[in-house]
4 protein chains.
Amino acid sequence: MARNGDGSKRERILDAAVVEIARRGYHSTTVAMIAKRAGVADGTIYLYFKNKEQLLFSLFDRAMGRFISEGKASLEQAASAREKLIRIVELHLTLVGQDRDLAIITQVELRHSLHFMDQLSRTLVGEYLGILAQVVIQGQQEGDFRSDLDPVFAAKSIFGVLDEMATDWILSHRNTRLESKSASVVEFLFGGLGC
Amino acid sequence: MARNGDGSKRERILDAAVVEIARRGYHSTTVAMIAKRAGVADGTIYLYFKNKEQLLFSLFDRAMGRFISEGKASLEQAASAREKLIRIVELHLTLVGQDRDLAIITQVELRHSLHFMDQLSRTLVGEYLGILAQVVIQGQQEGDFRSDLDPVFAAKSIFGVLDEMATDWILSHRNTRLESKSASVVEFLFGGLGC
Amino acid sequence: MARNGDGSKRERILDAAVVEIARRGYHSTTVAMIAKRAGVADGTIYLYFKNKEQLLFSLFDRAMGRFISEGKASLEQAASAREKLIRIVELHLTLVGQDRDLAIITQVELRHSLHFMDQLSRTLVGEYLGILAQVVIQGQQEGDFRSDLDPVFAAKSIFGVLDEMATDWILSHRNTRLESKSASVVEFLFGGLGC
Amino acid sequence: MARNGDGSKRERILDAAVVEIARRGYHSTTVAMIAKRAGVADGTIYLYFKNKEQLLFSLFDRAMGRFISEGKASLEQAASAREKLIRIVELHLTLVGQDRDLAIITQVELRHSLHFMDQLSRTLVGEYLGILAQVVIQGQQEGDFRSDLDPVFAAKSIFGVLDEMATDWILSHRNTRLESKSASVVEFLFGGLGC
DNA sequence: TATGAATGAGAATTCATTCAT
DNA sequence: CATGAATGAATTCTCATTCAT
C-alpha cells in the first residue's frame, strides 16, 4: 500500500479518532466510525492498536509528546524561573487552544474513568508536574518565588489554573482564543488575589 | 408506604449508585448492580429515574445541593471577603474529602462527556462560580483584593486550584485528609507564587 | 364509588381500550394507558379482566354482540332472502362505519395472531357466517339465488367482500362514508362481474 | 464468500423467519430464534436487516415479488379478460396455497397493525389491485363484463373474496387444497348470487 | 372493590474483536 | 499487511401482573 502523503496509516487512524471522539465522545464512537473516516477496514485498526482503549491512550501519548518536547525546547530559551513560567503558561494555552478537537479529547474524553486517569497522572501528567515543580524550585532559589510554598503543591496549583482555563474554553462555545488568557493567568499565578 | 429504615427508596438507590459507580465507573456499572445493592428490583430504578443517565445527574444534584446550601450557611457567618474565601476553601475541601466514593463521582465519573459537562457547567457549577465571583468583587470593594483582576476569571482560577487538589487527592491513593491542604491553598490564592 | 353516568367501570375500561388500541395498536398500548384514560388504577383493570388479552377479546365480544343482535332484529323485518341480504350489507357497513376506532380494532388489531383469529372465527365470526349461509339457503329455496353455489362458500364470499370494503375504508384515510358502498356491494353480490 | 448450500445467508434468514413466525407469531418469535434456525449469530441478522420489523417487511416483499412476476407472466398468455381473471384466481389461490407457513405470514402476521397494513396497501397490494382493475376495464371494453361496475370497486371485491378464501383456508386446519376453490370463486365472481 | 408501588422476566440491538481469505 | 463479514456477549429498559394496604 502506498504511503499517502504526509501520514502513515497509523497517523491517519489517530487523526480520524481525534475527530470522531471529539465529536461524539469516546463511548459513542465506534471503531467502525474511526475506520471509515480513516479510510481503512475495521480490522486494520487492530493491526496498529491492541484495542479501542489503547487507541485512546495513543492519542494522548502523541499529544503529550508534542507538548513536552515543545515545552522543553521553549524552556531552554528561558533563563529565569519567572520567564520559564511565562513560557509554560503561554505554551500550555497555545497548544491546547490550537486544536479544539484534540482539546476536547484531553480535557474531557481522556478523563473517562479512574482507571484511565490513574494511567495518565502516573505517566505524562506526572512528568509535566515534575517540570513545573522544578521551575518553582528554581524560582525559590533565585529568590523570585516565595519559599514557603511546597514546590509540588505549587505545581499542582499552577496546573489546576491552566487546566480550568482550558476546560472552560472548551465548554464556552464562543470563538475566543485560549492563549489570550495567558497574561491574566501569569498575573494571577504570581501575585495571587491579595493586594 | 412505610419508610425503609433510614431513607426512602430513592435515597437508597442513589446511595447504592454512588458506591457502585465510584468502584467500577459509570459505564461498567450496570443498572442491575445498583438495584441489587439498593435491595430493589431492576425495574424499580425506573420508577424514580428516567434512565441511567438521569440517575447520574441526580447523584450530582444531591451532592451539589448539599454543597451549595452548606456553603451559603457558612458564608453568612463570615463578614469579610477574605474570611469568606477561607471558609469556601475549607468547605470545598472538607465536603469533597468527606466521602471518597462521592468525590470519585464528582471529580471523575461526572466528567464523562462534553454533553455531560455542558449540563453541569451550565447549571450548578455555574452557580458556584457566580458565588466565588461575588466574593472576589466584595474583596475588591473592601480593598483587600487586587482590583485589576477580572472577578469571573479569578473565580475560575480559584475553582481550578480547588478542583485540581480534589482530583489529585482522589488519584493519590494515600490516606491523607484533603482538608489539610486548606491553609496552603488559601496562602497560594492570596499571595500567589511571587515574593 | 359512585356510578358515573352512563357507564359502569367495566364499560369505561372497554371504551378507553378501544380508543387507545385504535390509536397505537394493541402491542404498543400499555395497560397503564388504558387505566389512565379510563380513570382507574392499573390494578383495577384486573378486577374486571383476567389479562390484557382477555380485555381485547371482551372488546370484540361487546362489538360483535351489538352486531348480531341488531342484525337479527333487522333480519326479522325482512321477508325475502334478497331483502335480508340487502339489510345485512347495509347493517354491516353501517355498523363498522359508525365508529372508526372500533373498526380499527375489528379490522386490524383483532387479527393479531393465528391463535387470536382462531378464537374469533370459531366463535362469533362463525355464527355470523352461519346466518349468512342460512340466508343463502333461503334464497335458493325461494328460487331467487343460484342453487349451484355452496351456501357456506357463498357466505364466505359475501363476508370477504364486506370485510375488504371495511378494511379498505380504514386504510383510505379519506372522509367517506362506508355505508355509501352498500348499493354497489349488493349489486355486485347479486349480479357478479358478468353481463 | 462461499455460498452456503443452496441459498445466500440472507435467504436462509428469511426462510427461517417464515417458519418461526408462522409457528409462533411475530411477537412471540425472538430474533434469537430466527438466528438459531438460520444457523447464524444473532448479530448477523442485523447485517442484512435493519431491525426485526424490516425483516418482516422483507418477507412480504420477497413473497409479493414472486406473486407479481408470476402473475404477469401468467396474464400474458391470456387474451380475454375472462381468461385473465380465471388465471389470476387460480394463481392467487395456488400461490397462497403452496406454502402454508408463508400464507400464515401474509394472511395473518403481516396485518398486525394499522401502520403495517398502511405500508402494505400503499405498495404491493395497491399494485395488485391496479392489475385487477385493468382486467376489469378490459372486460368491460370487450363487452364481457358489466360496465356499470366501478373497476376499482370491482377489483377490491375480487380481492376480498380471494383474501377471505385464503384466510379461511389458513384457519380451517383441514388438509384441503386451496386451489380447489378456484372454479367456485370464478363462478361466483362472474355470476354473483342471483339467478 | 380499589389502589399503585413494586416486581423481574424478557428481548432487541449494539459493537469490539476475530479470522479466513 | 489488509479486509470486512461474522460473531455473541452484554445491557438497558419495558410492562403485564401482583398484592399489601
Side-chain angles (χ1 to χ4, degrees), chain A residues 1-2 8-10 13 26-36 38-55, chain B residues 1-2 4 8-10 13 27-36 38-55, chain C residues 1-2 8-10 13 26-36 38-55, chain D residues 1-2 4 8-10 13 27-36 38-55:
Chain A
M1 170 125 308
S8 70
K9 201 159 276 193
R10 187 188 141 94
I13 293 169
Y26 175 72
H27 274 101
S28 300
T29 300
T30 67
V31 172
M33 288 171 188
I34 297 171
K36 192 175 179 187
V40 302
D42 297 12
T44 304
I45 303 265
Y46 291 86
L47 297 176
Y48 293 93
F49 306 94
K50 194 188 160 209
N51 54 33
K52 193 184 169 190
E53 195 179 52
Q54 281 308 313
L55 174 53
Chain B
M1 172 115 314
N4 310 63
S8 73
K9 203 155 278 193
R10 188 186 140 93
I13 293 168
H27 275 102
S28 301
T29 300
T30 67
V31 171
M33 289 169 186
I34 297 172
K36 192 173 180 188
V40 300
D42 294 14
T44 303
I45 304 267
Y46 292 87
L47 294 177
Y48 295 93
F49 306 95
K50 196 186 158 214
N51 52 37
K52 194 185 167 189
E53 193 180 55
Q54 281 307 313
L55 173 53
Chain C
M1 169 126 310
S8 71
K9 200 159 276 194
R10 186 188 142 95
I13 293 169
Y26 175 72
H27 274 101
S28 300
T29 300
T30 68
V31 171
M33 288 170 187
I34 297 172
K36 192 174 181 190
V40 300
D42 295 12
T44 305
I45 303 266
Y46 290 87
L47 297 176
Y48 294 93
F49 305 95
K50 194 189 158 208
N51 55 34
K52 193 185 170 191
E53 195 180 51
Q54 281 307 313
L55 174 54
Chain D
M1 173 117 313
N4 308 65
S8 74
K9 204 156 274 195
R10 188 188 141 93
I13 293 169
H27 275 102
S28 301
T29 299
T30 68
V31 171
M33 289 171 188
I34 296 171
K36 192 172 182 190
V40 300
D42 295 15
T44 305
I45 303 268
Y46 293 86
L47 295 178
Y48 295 94
F49 305 95
K50 194 187 160 211
N51 54 33
K52 194 184 168 191
E53 195 181 53
Q54 281 306 315
L55 174 53

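We name chains A, B, ... by the order of the sequence lines, and we start the count at 1 in each one. Quick caveat: nothing in here was measured; it's all calculated off a predicted structure.
Here F/dG4 presents its P atom at 16 Å from NZ of D/K9, a figure rounded to the nearest Å. For the pair B/K36 NZ and E/dG8 C1', the interatomic distance rounds to 14 Å; values are reported in whole Å. Across the protein-nucleic acid pair, B/N51 atom CG and F/dT14 atom P stand 8 Å apart, rounded to whole Å. We find that CD1 of C/I45 is positioned 13 Å from P of E/dG4, with the value rounded to whole Å. We find that CZ of D/F49 is positioned 16 Å from C1' of E/dA12, with the value rounded to whole Å. Between C/Y48 atom OH and F/dA16 atom P there is a gap of 20 Å when expressed in whole angstrom units. Note: CE (A/M33) to P (E/dA16) measures 8 Å, nearest angstrom. Look at CG on D/L47: it is 11 Å from C1' on E/dC15, rounded to the nearest Å.
Nearer the 5' end of DNA chain E, as judged by each residue's closest nucleotide, is the contact made by B/G39, out of D/K50 and B/G39. For the pair D/D42 and C/V31, nearest-nucleotide mapping onto DNA chain F gives the more 5' position to D/D42.
Of the candidate nucleotides E/dT7, E/dT3, F/dA16, F/dA16 has the atom lying nearest to any side-chain atom of C/K52. For A/A41, the side-chain atoms get nearest to F/dT3 when compared with the rest of F/dC13, E/dA2, F/dT3. If you check F/dA16, E/dT17, E/dT13 against the side chain of D/Y46, the one that comes closest is E/dT13. Side chain of C/T44, nearest nucleotide from E/dA2, E/dG4, F/dC13: E/dA2.
The two residues A/F49 and A/I13 come nearest to each other via the heavy atoms CE1-CG2, 3.6 Å.
Within 4.0 Å (heavy atoms only), D/T29 reaches sugar-phosphate atoms of the nucleic acid but no base atom. Counting non-hydrogen atoms under 4.0 angstrom, C/T30 reaches the backbone sugars and phosphates but no base.
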CA sep, side-chain torsions, deciding dist, call: B/V31, B/Y46, side chain to side chain contact (heavy atoms under 4.5 Å, CB included): CA-CA 10 Å; B/V31 171; B/Y46 292 87; 3.6 Å; yes
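Remark: A/K52 qualifies as a cation-pi partner of A/Y26 under the 6.0 Å distance and 45° angle criteria applied to the six-membered ring.
Pairing for F/dA20 is with E/dT3, a Watson-Crick or G-U wobble pair whose two hydrogen-bonding atom distances lie under 3.5 Å. For E/dT13, the paired base is F/dA10 (Watson-Crick or G-U wobble, both distances below 3.5 Å). When both pairing distances are held under 3.5 Å, E/dG8 makes a Watson-Crick or G-U pair with F/dC15.
Across A/T29, A/V40, A/D42, a single residue satisfies side-chain contact (heavy atoms from CB on, under 4.5 Å) together with A/I34, and that is A/T29.
We find the CG-CZ distance between A/L55 and A/R10 to be 8.5 Å, quoted to the nearest 0.5 Å.
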